[in-house]
Amino acid sequence: ACVLAECNILVTGLSDTGKSVLLNVLGNFIPEYEFIVTIEESEELMLQQKAVACLHTRPPNIENKGTITQQDLLAHIQQMRPERILIGEVKGEEVFDLLTSIVPCMTTLRARDPEDALYQLEPLYLMGDEKRPIQAVRSRIAERVDLIVHIDRLQTGYRRLSSISEVDYVDEQYQVRPIFQFELLPPDEEGFRKGLFHAVNRPTERFLRRIGQYTNNDELIESI
């Protein structure tokens with residue numbers, strides 16, 4: 001429902017937690033009729049829709065020339081008029097262009113938790129607009145990031161989607177409100193640990209109105 005409602009989704013987690021895999025899964029929920037542009041350093045996204053343009057960065061040649069960065073590609077695709085943008089992982093100046101774009105986007109970011117991800121976006125944004133006050137930067141980030149989906153790697157090696165959180169900005173501070181959260185259960189007799197998803201907060205009315213036409217709000221609210 002969040003993908004269909006064109007929410008801007010940030011998938012977070014540490015290395016080797018499956019962020020790109022989840023981004024690929026989410027990307028395949030985008031309607032067939034939308035024109036999608038993907039930007040990656042290496043080809044990992046494999047969307048099944050027909051109208052997909054895949055762009056890749058390029059490292060410098062032996063003469064240290066010819067570099068193509070994610071920021072270069074993001075600036076270029078504005079002329080292509082995409083209806084969705086997917087970036088494999090943000091890590092530099094492209095964050096400024098992404099957060100100032102009006103096109104719905106989904107991407108990944110390496111972070112310990114959802115709140116850490118928001119603070120990591122700040123210096124990346126300032127690389128493109130270093131004079132902007134930090135309060136304005138935080139307001140812009142909270143305005144553009146609708147949902148943070150965080151993945152953890154458990155001690156057993158299993159990867160688990162650990163939380164789905166809504167982002168808001170209150171009193172000049174980020175407010176990360178987990179809607180669903182994964183809770184580990186105590187180990188069983190063989191030492192294995194399972195877990196359960198719990199609805200921990202009711203989504204805001206603004207968020208429910210946005211996804212309302214794509215899901216049954218009464219069922220969602222009742223489950224929470």
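A quick note: this is a predicted structure, and the numbers were derived from the prediction, not measured. What you see below is based on every heavy atom in this structure, not just the backbone, and it leaves out hydrogens, waters and symmetry mates.
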Note to self: Going by the rule side chain to side chain donor-acceptor pair (under 3.5 Å), which residues pair with Thr67 if we only count those two or more places apart in sequence or in a different chain?
What the structure shows: none
Next item on the list: Treat each ILVMFWY residue as a node, draw an edge where side-chain heavy atoms are under 4.5 Å apart, and state whether Ile148 and Val3 are in one component.
Entry: no
Next item on the list: Ignoring hydrogens and angles, tell me if any N or O in the side chain of Asp72 forms a donor-acceptor pair with the backbone of Thr69 under 3.5 Å.
Entry: yes
Margin query: Could you measure the distance from the NZ atom of Lys91 to the CE atom of Met127? Nearest 0.5 Å is fine.
Written below: 12.0 Å
Next item on the list: Please report the closest heavy-atom contact between Val103 and Pro82, naming both atoms and the distance.
Entry: CG1-O, 3.6 Å
Check: Linking I/L/V/M/F/W/Y whenever any side-chain heavy atoms sit under 4.5 Å apart, do Ile39 and Leu121 land together?
Finding: yes
Item checked: Under 3.5 Å donor-acceptor, Gln48 side chain and Met46 backbone -> yes
Note to self: Using side-chain contact (heavy atoms from CB on, under 4.5 Å), reason through Arg159 and Asp16 one step at a time and then give a plain yes or no.
What the structure shows: CA-CA 9 Å; Arg159 300 168 180 84; Asp16 196 31; 3.0 Å; yes
Check: How many angstroms lie between atom CD1 of Ile36 and atom CD of Glu34, to the nearest 0.5 angstrom?
Finding: 7.0 Å
Notebook entry, point to check: Does the side-chain contact (heavy atoms from CB on, under 4.5 Å) test come out yes or no for Thr12 and Val149, once each step is laid out?
Noted result: CA-CA 6 Å; Thr12 61; Val149 182; over 6 Å; no
Margin query: Suppose the criterion is ring-ring contact (aromatic ring centres under 6.0 Å, His included): which pairs have a residue in residues 29-78, not counting sequence neighbours?
Written below: none
Next item on the list: Go through the steps for Glu166 and Arg210 under the test salt bridge (charged side-chain N to carboxylate O under 4.0 Å, His left out), then give the verdict.
Entry: CA-CA 12 Å; Glu166 186 182 0; Arg210 183 168 184 176; over 6 Å; no
Next item on the list: Give the minimum heavy-atom separation between Tyr125 and Val95, together with the two atoms involved.
Entry: N-CG1, 3.9 Å
Note to self: Before you tell me yes or no, could you show the steps for Leu10 and Val167 under side-chain contact (heavy atoms from CB on, under 4.5 Å), namely the whole-Å CA-CA distance, both residues' side-chain angles and the distance that decides it to 0.1 Å?
What the structure shows: CA-CA 10 Å; Leu10 181 62; Val167 179; over 6 Å; no
Item checked: Glu130 atom CD, over 12 foreign heavy atoms within 6.0 Å -> no
Check: Is there a path from Leu126 to Leu74 through hydrophobic residues (I, L, V, M, F, W, Y) whose side chains come within less than 4.5 Å of each other?
Finding: yes
Next item on the list: Examine distances only and state if a side-chain atom of Glu40 and a backbone atom of Cys54 form a donor-acceptor pair shorter than 3.5 Å.
Entry: no
Note to self: Can you tell me if Tyr158 has over 12 outside heavy atoms packed within less than 6.0 Å of its OH?
What the structure shows: no
Next item on the list: Please report the shortest heavy-atom distance between Gly88 and Thr108, naming the atom on each side.
Entry: O-OG1, 2.5 Å
Notebook entry, point to check: Among the clusters formed by ILVMFWY side chains lying less than 4.5 Å apart, do Leu14 and Leu109 turn up in the same one?
Noted result: no
Check: Would you say Leu185 has more than 12 foreign heavy atoms packed within less than 6.0 Å of its CG?
Finding: yes
Next item on the list: Search all heavy atoms of Ile179 against all heavy atoms of Pro203 and return the closest pair with its distance.
Entry: CG2-CG, 3.9 Å
Next item on the list: For residues Met106 and Val11, determine if any side-chain heavy atom of one lies less than 4.5 Å from a side-chain heavy atom of the other.
Entry: no
Margin query: Treating Asp171 as the side-chain partner and Gln173 as the backbone partner, does any N or O pair qualify as donor plus acceptor under 3.5 Å?
Written below: no
Note to self: Side chains of Tyr174 and Arg138, heavy atoms from C-beta outward: is any pair under 4.5 Å?
What the structure shows: yes
Margin query: Tell me whether Asn28 contacts the main-chain N or O of Asn24 through its side chain, where contact means a donor paired with an acceptor under 3.5 Å.
Written below: yes
Notebook entry, point to check: With a 4.5 Å heavy-atom cut-off, do Ile141 and Glu122 have their side chains touching?
Noted result: yes
Checklist line | Side-chain heavy atoms of Asn8 within contact of Val145, under 4.5 Å | finding: no
Notebook entry, point to check: Are the side chains of Arg206 and Asp168 in touch, meaning some heavy atoms are under 4.5 Å apart?
Noted result: yes
Note to self: Given 3.5 Å as the limit, does a donor-acceptor pair link the side chain of Ser162 with the main chain of His150, or not?
What the structure shows: yes
Next item on the list: Kindly indicate whether the side chain of Ile9, heavy atoms from C-beta on, has any atom under 4.5 Å from the side chain of Cys2.
Entry: yes
Check: Do Tyr169 and Leu98 belong to the same hydrophobic cluster, where Ile, Leu, Val, Met, Phe, Trp and Tyr are linked whenever their side-chain heavy atoms lie under 4.5 Å apart, directly or via other members?
Finding: yes
Item checked: Chi angles and distances behind the side-chain contact (heavy atoms from CB on, under 4.5 Å) call for Glu32, Gln49 -> CA-CA 5 Å; Glu32 185 75 27; Gln49 294 89 334; 3.9 Å; yes
Note to self: So, taking the atom named CD1 in Ile77 and the one named OG in Ser101, what distance separates them when rounded to the nearest 0.5 Å?
What the structure shows: 7.5 Å
Check: Looking only at heavy atoms, which two atoms of Ile211 and Cys7 are closest? And how far apart?
Finding: CG2-SG, 4.3 Å
Check: So, do Arg177 and Thr204 sit near enough that their side-chain heavy atoms are less than 4.5 Å apart?
Finding: yes
Note to self: Distance check, rounded to the nearest 0.5 Å: Leu161 atom CG versus Ile151 atom CD1?
What the structure shows: 6.0 Å
Check: How many angstroms lie between atom CG of Leu26 and atom OG1 of Thr107, to the nearest 0.5 angstrom?
Finding: 11.5 Å
Notebook entry, point to check: Do the non-hydrogen side-chain atoms of Glu83 and Glu6 ever get within less than 4.5 Å of each other?
Noted result: no
Notebook entry, point to check: What distance do Leu184 atom CG and Asp152 atom CG have between them, rounded to the nearest 0.5 Å?
Noted result: 9.0 Å
